[in-house]
Amino acid sequence: MKTGIPFFIHFLCSSFFFMIFTGCPFDPFGDEGRVVIMTYNVQNLFDDVSQGGEYPEYDPDSSDWNSDSYLGKLSALSEAIRKSPETPDIILFQEVENRTVLKHLAEDFLLNAGYDFYAAPVAEGSAAQTGVLSRRPVVSLYTHRPGASEGERNILEIHLDLDGETLVLFNNHWKSRRGGADITEEERRRAAEDLKYRLKMLQETAPDTPYILAGDFNEDPWEDDRAYPPALGVSSETNPPVLRVPGLNPPELLSEECEEALIAGCFWQMSADEGSYCYSGIWERIDNFFWSEHLQDRKGWEIISAIRVDDSLLLNEYGSPAAFDADSLEGFSDHLPLIIILEKE
C-alpha cells in the first residue's frame, strides 16, 4: 500500500486551496429564469472503504487506492466543476460508487454551492453507478434497468420543479464498447428500448412535460459506417430505430416509425467541438444531451446554449482530457464535462 499525506491534513489543505484559489465562486442561489445542467463521466469515483464489489484497482484492501487517492480525486473533480463557465444547478454523474461519495463532494468540496440533494441508487452487480447533485427541488426519482446483464447501470429518471413547472431528466450510462462494438451493441439497444418505452409513456400521460436525456451513451449518432443496428440513429426497416435524432440521419434510411420523433435536438448539433472523450487520438461524441421538442418550440423553457467545459487545466499535453492519476494525484477524468443552459421565454 502506498503512503501519502495523512487524511485530515490532506482534507484541510485541499479544501482551503479550492475555496480560495480556484475558479469563480459558486453562486448558491442561481437565477430563477435560468438553469444550467451538467453531465460528467468522472472516471470511477470510489471511496476509501472496501465494501466488496469495487473494481480491483479501487479496492483499498487489495490495491493502492486509499484515502489520499479518494480525497485527491474529490478535490480534482470539484475543481473541474468550478471550471464551468456557469455554475451547474444540476450535475448528472456517471461512474460514481455510491451516494456517500456525492455527499462528500457536495458538503466538503463544493462548499456553499447549495447542492442539498444527492443520490446514486445502487444497481446490483454494477460497481459504478449513475448519480445526481441538485440545488433545484427534486420532486421524485425513479430507476430503470433493462436487467438482462448483471453489470448494467441504472437509468435515473429525475423530476425537477423549475419554478412550478416540471422538467424530467434521464441520466444514462450505456454499455461500453470494450470487448467489441458489435458484440456489446445489444446491451445498448436494450437500454435504448427501455428508455424509449418510458418516453412514450411520458408522452401519453404528461404530453406537455419537457424531458432531457443525458449521460455517456458510448455511442455517437454520426457513426453511420457500422454494419450492425445502432441504438442511436437509424438502421433498416427490419431493425427499426429505437431512438431518433432528426437531422442527423440520412433521409433515405428513415422508416415510417421515425415519424414518431422522441428527440428533437442534441448537444452536438449546437456545439462545433470535436468531442468530449478521446480514444487513440480520435475525439468521440459519446457524452451527449438529447431533448424533446418542448425545449425548442419558443414556449416556456428553451435550450439556449451547449458548452463543452474544456479549460486548459482539464487537458493533458496532447490536448485530450487529463485522466486522474492516483499515484501523482494529478488529472481529473478521461471525459470532459458538458453543460446546457436553459432559459424561460
Side-chain angles (χ1 to χ4, degrees), residues 30-31 33-41 80-81 83-94 136 158 160 162 165 167-174 192 195 199 209-224 230-234 241 243-251 254 258 261-278 282-312 314-315 319-321 333 335-345:
D31 185 339
R34 188 177 182 88
V35 176
V36 181
I37 304 173
M38 173 181 284
T39 181
Y40 196 8
N41 182 323
I81 293 167
K83 290 301 179 183
S84 174
E86 298 205 35
T87 303
D89 295 292
I90 301 100
I91 309 176
L92 304 174
F93 292 96
Q94 300 85 48
R136 288 296 190 123
I158 305 147
L160 297 171
L162 300 185
E165 299 181 30
L167 172 67
V168 181
L169 306 179
F170 293 88
N171 185 9
N172 298 262
H173 188 189
W174 292 3
L195 186 57
L199 293 180
T209 300
Y211 53 82
I212 295 172
L213 323 180
D216 180 355
F217 296 86
N218 272 304
E219 217 161 81
D220 184 329
W222 281 271
E223 293 179 48
D224 56 3
L232 290 176
V234 299
L243 286 176
R244 176 195 177 199
V245 184
L248 305 184
N249 304 309
L254 298 181
C258 277
L262 298 174
I263 297 169
C266 83
F267 181 94
W268 298 108
Q269 286 177 297
M270 296 183 68
S271 171
D273 291 310
E274 296 177 281
S276 57
Y277 176 76
C278 196
I282 300 174
W283 282 98
E284 297 184 357
R285 294 166 289 194
I286 58 178
D287 303 291
N288 218 327
F289 283 98
F290 302 95
W291 52 82
S292 62
E293 60 182 353
H294 312 82
L295 297 172
Q296 57 181 47
D297 61 2
R298 300 193 177 186
K299 301 176 184 177
W301 290 99
E302 293 282 298
I303 298 199
I304 64 162
S305 186
I307 302 170
R308 183 182 75 170
V309 182
D310 56 3
D311 185 276
S312 59
L314 307 185
L315 304 174
S320 55
S333 170
H335 292 245
L336 293 176
L338 305 179
I339 63 170
I340 54 172
I341 301 173
L342 288 71
E343 285 189 355
K344 196 169 184 180
E345 289 286 317

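The model shown is predicted, which means the values in this text are computed figures rather than measured ones.
- Between the side chain of Glu86 and the main chain of Val36, no donor-acceptor pair closer than 3.5 Å is present.
- With hydrogens and angles ignored, the 3.5 Å screen pairs no side-chain donor or acceptor of Trp291 with any backbone N or O of Phe267.
- Nearest approach of Pro321 to Trp283, heavy atoms of both residues: CD-CH2, 3.5 Å.
- Taken from CG in Leu315 to SG in Cys278, the straight-line distance is 10.0 Å, to the nearest 0.5 Å.
- In terms of modelled atom types and a separation under 3.5 Å, the side chain of Asp216 and the main chain of His173 share no donor-acceptor contact.
- At least one side-chain heavy atom of Ile81 sits less than 4.5 Å from a side-chain heavy atom of Pro88.
- Although no hydrogens or angles enter the test, the distance criterion places no donor-acceptor pair under 3.5 Å between the side chain of Ser292 and the main chain of Pro210.
- The minimum heavy-atom distance between Trp268 and Leu338, with the atom names listed, is CZ2-CD1, 4.0 Å.
- Every residue two or more places apart in sequence or in another chain that forms a ring pair (Phe, Tyr, Trp, His ring centres under 6.0 Å) with Tyr277 is listed here: His335.
- Side chain of Asn172 to main chain of Trp174: no donor-acceptor pair is present (N/O by atom type, distance under 3.5 Å, no hydrogens or angles).
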Derivation of the side-chain contact (heavy atoms from CB on, under 4.5 Å) call for Ile212 and Ile340: CA-CA 10 Å; Ile212 295 172; Ile340 54 172; 3.8 Å; yes
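- Thr209 and His294 get closest at one heavy-atom pair: O-CE1, 3.4 Å.
- Taking CG of Asp89 as the reference point, atom CZ of Arg34 lies at 9.5 Å (rounded to 0.5 Å).
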Does Asn41 form a side-chain contact (heavy atoms from CB on, under 4.5 Å) with Ile286? I'd like the steps, not just the answer. CA-CA 10 Å; Asn41 182 323; Ile286 58 178; over 6 Å; no
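- With rounding to the nearest 0.5 angstrom, the CG atom of Asp220 is 8.0 Å from the CG atom of Asn288.
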Gln296 vs Ile303, test: side-chain contact (heavy atoms from CB on, under 4.5 Å). Steps then yes/no. CA-CA 6 Å; Gln296 57 181 47; Ile303 298 199; over 6 Å; no
Evaluate the criterion side chain to side chain donor-acceptor pair (under 3.5 Å) for residue pair Gln94 and Thr39; output intermediate values, then yes/no. CA-CA 8 Å; Gln94 300 85 48; Thr39 181; 3.2 Å; yes
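- Atoms CG and OH, from Leu295 and Tyr211 in turn, are 9.5 Å apart once rounded to the nearest 0.5 Å.
- In this structure, the separation between CG on Leu213 and CG on Leu195 is 5.0 Å, given to the nearest 0.5 Å.
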Begin with the C-alpha distance, continue with both residues' side-chain angles, and end with the deciding distance and a verdict on side-chain contact (heavy atoms from CB on, under 4.5 Å) for Leu167 and Trp301. CA-CA 9 Å; Leu167 172 67; Trp301 290 99; over 6 Å; no
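- Here OG1 of Thr87 is found 9.5 Å from CE of Met38. Values are rounded to the nearest 0.5 Å.
- The main-chain N or O of Ser276 is never found under 3.5 Å from a side-chain atom of Arg308 such that the two would form a donor-acceptor pair.
- Side-chain N or O atoms of Gln269 include one that pairs as donor or acceptor with a backbone N or O of Cys266 at under 3.5 Å.
- A distance-only check finds a donor-acceptor pair linking the side chain of Glu302 to the backbone of Asp297 [under 3.5 Å].
- Exactly one of Leu160, Ile339, Asn171, Ile158 qualifies for a side chain to side chain contact (heavy atoms under 4.5 Å, CB included) with Ile90. That residue is Leu160.
- Residues Arg285 and Glu274 come closest through the heavy atom pair CG-O, 3.4 Å.
- You'll find the side chain of Val309 stays beyond 4.5 Å of the side chain of Tyr40, heavy atoms only.
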